[in-house]
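Whatever order the structure lists ligands and atoms in, that order sets their numbers, starting from 1.
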Amino acid sequence: MKVEILKPCAYCAGVNNAINIALKARQEHHDKDVYVLGMLVHNNFVVRSLQKQNILSASNINDIPDGSVIIFSAHGHKEELDEVAKKKNLIVYDSVCPKVLSNIKLIKENLQKGHEIIYIGQQGHPEAEACLSLSEKVILFHKNILKNYQSISDDSPLVINQTTLNILDIKDIHEQILKVFPNARIANEICASTRLRQEAIKNIEKDVDLIIVVGDVNSSNTRRLLEIAQQCHPNIQSIMISDASELDKASTANKNHIVISSGASTPMEIIDEVFNKINY
Ligand code: SF4
């Protein structure tokens, strides 16, 4: 049996950066409570290992004691939270991924020029919430629905998206939008880490008979990997697990070629455990 780990694998640069910032905050303020607002990155293993280092989690900024350290997540945060952090005298560390930040900058530049923005993303995802919080002129396109469609008066709105979307679906969405707004300016902002992982699944060898996606159920880019596997290879079995404990030995029995893909916030350690469980 051949077992292959698809590349890229393990943490992307943005996740690495966020973890390093959290550790730096802990190191620089050993006398203070340090909280991450929400999940630093969408992986429970990472959240638990930060908690072991006394980096706590809070789901609401108001639950964080005044004067503590707050770390904003890699996905970005709603703009109004900066003001709340100031009022609470919190020491702020922002672990936003540079790619998410560059999208936020592009949206702001366009808003300043008077443009409206069509934002393709998942309602409730922190990255989408961060972008939507910038202005009511940022309109969400979600699940094939463009809300407040009639409210867009800009002939050439900017069309931009969450960084972790599906590379196949986004082409259709752009076509739908261009039918209504032929002069819309499309910025395809799926990040390289997400795109390369999806392309690796799309281009697997013909003899593969099992695709295993390893990652957290909360991780958007991991769920997209499973979607791509099912869309591109409907005749190949594909499963998603968060770690080796969820791997049923029966599902790998009698297989000839297994590929393991992983989300951008999946630690290498977990991928190795899955690989070893299949092989032994
Ligand atoms: S998946 Fe992409 S956008 Fe998200 S943290 Fe990684 S590099 Fe940044």
**Salt bridge Arg224-Glu227, side-chain N to carboxylate O under 4.0 Å** = yes

**Message:** Between Lys277 and Glu273, does any side-chain N to carboxylate O distance fall below 4.0 Å?
**Reply:** no

**Request:** Would you sort out whether Asp66 and Lys88 count as a salt bridge (Lys or Arg N to Asp or Glu O under 4.0 Å), showing the intermediate values?
**Result:** CA-CA 5 Å; Asp66 291 5; Lys88 286 175 68 64; 2.8 Å; yes

**Complete:** Counting only protein N, O or S atoms and ignoring waters, those under 2.8 Å from atom 2 (Fe) of ligand 1 are Cys191 SG

**Message:** Quiz question: by atom type and distance under 3.5 Å, do the side chains of Asp216 and His42 form a donor-acceptor pair?
**Reply:** no

**Request:** Kindly state each residue pair satisfying side-chain hydrogen bond (donor to acceptor under 3.5 Å, both in side chains) with at least one member in residues 29-39, sequence neighbours excluded.
**Result:** His29-Tyr93

**Asked** Do the ring centers of His125 and His142 come within less than 6.0 Å of each other?
**Response** no

